[in-house]
Amino acid sequence: MNEASLFLVVIGMGVITYGLRAGSLQLGERLPHWPWLNSFLRFVPVAVLSAIVAEVTLLANNTIDLSPVTNHRLVAAVLAILVAWRTRHVLLTIVVGMIAFWILQGISF
Amino acid sequence: MPENQSNRSLFWAGVRATLPLMTSVAPFGMLVGASGLTAGIPAGVIMAMSPVVFAGSSQLLALQLIASGSPALVLLLTTLVVNLRHVLYGISLAPHIRSLGRGWQWLLAYFMTDEVFAVSISRYNQDEAVAQPNLHWFYLGSGLTLWSGWQASTAIGLLLGSQIPASWGLDFAIALTFIALVVPALADQAAVLAALVGGSLAVLLSRLPYNLGLVTAALGGILAGMAVDLGWLSRNRAVKQGEEENIR
C-alpha cells in the first residue's frame, strides 16, 4: 500500500474503534437491569485483561512455554502477581516485574 | 471519603490514579513507534495512528500486518475484532454516565482504553454508595493523562527508532500493568476463576486466526465467573445433595 492508502486505512481503523466505543455507550443505556447481565459485566475486565496477560507471558514465538528456566516472563509475572497481591501497589508491581525480567534476561546471556 | 468533591479535585484524582501506569504505557508506546519504523512504515502513518485510533494493542498488531503486506480489509477486520472488548467496557460504563449530555458521552468514548476503563470503573463502583454525580471528571483526568503519555511515547519511539533493542521486552510492560490492575480485583472465587479460565483459554486458542482466540477466551472466562457468581454450579450441587438425602 502507498502512503495515501495507509492514511485511509488509519482513518478506517479510527472510525471502527471509536464506533465500538461510542456505540456501546449508547447501547448500554438501553440495556435492562438483568442480574445475569450485571454478573456478565462484572467479569469483563478480569477475563479480558487476564487473557492478554497470559498471551504475552506464556507464548514465546507462538509456542507455549511453561518452563521457569527458559521463560523469564513467566517468572517475572509470578513475582509481579505476588507483589500486586500483597501490596496492591500499581507502580511497585510494574517496577519489580520489569527489573526481575531484565535481571533474568541478563543472567541468561 | 468526603461527599461531593469538586470537579477539579476529582480531575486531579484521575490524573494521579493514572500516572503510575505511565511506567508501562510509555515503553509500550515507544515500542509501537519504533517497531513501525523498523518495518519501513512512513513515520507520518505511525504517528497518525496514536491520536486517530488510540488503542495500543491494535496499533501494534496493525503495524505488524502492514509490514507483512496484509490488505486493507484484513487490517480493518483485525481492528474490529481486537477492539471488540471495548463494547464490553462501554456497556459497563453506560449506567454510570447515563445522566450526562451527549457531548460528554462522545468525549468520554474517545478516551475508553483498557487502562482508563479499569481505573475509572473501580472508582465508579467504589463511590456508588456515595452517589458522586461528577465522577466523569475523574474519568476525564485519567483519559487525558493516558492520552498525553501515549502520544508522547509514540513520538519518542519514532525518534529513537531502531536504537531500542528487542531484549528490553517493552511489550511485557503492558502485561505487568494489567497484572497490577487485575490482581486487586480478584476479591472472590468467581473472579479468580474468570481470570484463570480466561488466561488458560487465551493460550490454548492462540492459533485461531485474526486474534479471535482472545475474544473467545475472554467470553469463556466471563461465563466461568458467572457460573460461580449466579450459583449455576452450587445450585446443582444443592439439588444433588437434596436428592441424595431423599434416597437415604
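First the proteins, then the strands, lettered A, B, ... as listed; each starts at 1. As a basis for the values below, the full set of heavy atoms in this structure was taken, side chains included, without hydrogen atoms, waters or symmetry mates.
Side-chain atoms of B:N125 come within 3.5 Å of backbone N or O of B:I121 as a donor-acceptor pair. In this structure a side-chain-to-backbone donor-acceptor pair under 3.5 Å is missing from B:Y124 to B:H96. Judged purely by atom type and a 3.5 angstrom limit, B:Q105 uses its side chain to pair as donor or acceptor with the backbone of B:I97. Between the side chain of A:Y18 and the main chain of B:W106, a donor-acceptor pair closer than 3.5 Å is present. Judged by distance alone, with hydrogens and angles left aside, the side-chain atoms of A:E3 form no donor-acceptor pair with the main-chain N or O of B:V45 at under 3.5 Å.
Residue A:I16 touches chain B through its side chain alone, counting heavy-atom pairs closer than 4.5 Å. Within the 4.5 angstrom heavy-atom criterion, atoms from both the backbone and the side chain of B:L88 approach chain A. For B:S70, the part lying under 4.5 angstrom from a heavy atom of chain A is the backbone only. Only the side chain of A:L59 comes within less than 4.5 Å of a heavy atom of chain B; its backbone N, CA, C and O stay farther away. Neither the backbone nor the side chain of B:A224 comes within less than 4.5 Å of any heavy atom of chain A. Heavy atoms closer than 4.5 Å to chain A are found in the side chain of B:F117, but not in its backbone. Contact annotation for B:L219: only side-chain heavy atoms (C-beta onward) come within less than 4.5 Å of a heavy atom of chain A. Of the atoms belonging to A:F40, heavy atoms from both backbone and side chain fall under 4.5 Å from chain B. The part of B:L186 that comes within reach of chain A is its side chain, from C-beta onward, which places non-hydrogen atoms under 4.5 angstrom from that chain. Within the 4.5 angstrom heavy-atom criterion, atoms from both the backbone and the side chain of B:T113 approach chain A. At a 4.5 Å heavy-atom cutoff, the contact between A:W102 and chain B is made by side-chain atoms alone.
Among the candidates A:L8, A:N38, A:V44, the residue making the largest number of heavy-atom pairs closer than 4.5 Å to chain B is A:V44. Interface summary for chain B: among A:L49, A:I64, A:I11, A:V15, the most heavy-atom pairs under 4.5 angstrom belong to A:L49. Note: B:A191 leads B:A185, B:A191, B:A55 in heavy-atom pairs under 4.5 Å with chain A. Ranking A:L27, A:T57, A:I52 against chain B, the residue ahead of the rest is A:I52, based on heavy-atom pairs under 4.5 Å. Among the candidates B:L223, B:I222, B:V52, B:V182, the residue making the largest number of heavy-atom pairs closer than 4.5 Å to chain A is B:I222. Ranked by heavy-atom pairs under 4.5 Å with chain A, the list B:A48, B:P184, B:G221 is led by B:P184. Your options are A:G97, A:A76, A:A54, A:S50, and the one with the most heavy-atom pairs under 4.5 Å with chain B is A:S50. Heavy-atom pairs under 4.5 Å with chain B were tallied for A:L92, A:V95, A:V48; the largest tally goes to A:V48. Of the residues considered (B:A118, B:G198, B:A180), B:A180 shows the highest number of contacts with chain A, using heavy-atom pairs under 4.5 Å. For the set A:G12, A:A77, A:P35, A:G23, the entry with the most heavy-atom pairs within less than 4.5 Å of chain B is A:A77. Contact tally against chain A (heavy-atom pairs below 4.5 Å) for B:D188, B:L193, B:L108: the top residue is B:D188.
The nearest pair of heavy atoms linking A:L20 to B:L80 is CD1-O, 3.8 Å. In terms of heavy atoms, B:L76 sits closest to A:M13 at CD2-N, 3.6 Å. When every heavy atom of B:L63 is checked against every heavy atom of B:I41, the shortest pair comes out as O-CD1, 3.5 Å. Between A:L25 and B:A109, the closest heavy-atom pair is CD1-CB, 3.7 Å.
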From CA spacing to verdict: side-chain hydrogen bond (donor to acceptor under 3.5 Å, both in side chains), B:S50, B:T154: CA-CA 7 Å; B:S50 280; B:T154 317; 2.8 Å; yes

Could you give me the CA-CA distance, side-chain angles and deciding distance for B:D114 and B:R85, then say whether salt bridge (Lys or Arg N to Asp or Glu O under 4.0 Å) is met? CA-CA 9 Å; B:D114 298 303; B:R85 65 183 190 281; 2.8 Å; yes

Take A:D65 and A:L58, measure what side chain to side chain contact (heavy atoms under 4.5 Å, CB included) needs, and give me the verdict at the end. CA-CA 6 Å; A:D65 185 357; A:L58 299 177; over 6 Å; no

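By the neighbour-count criterion of 12 heavy atoms within 6.0 Å, atom CD of A:Q26 is densely surrounded, having more than that number from other residues, nucleotides or ligands.
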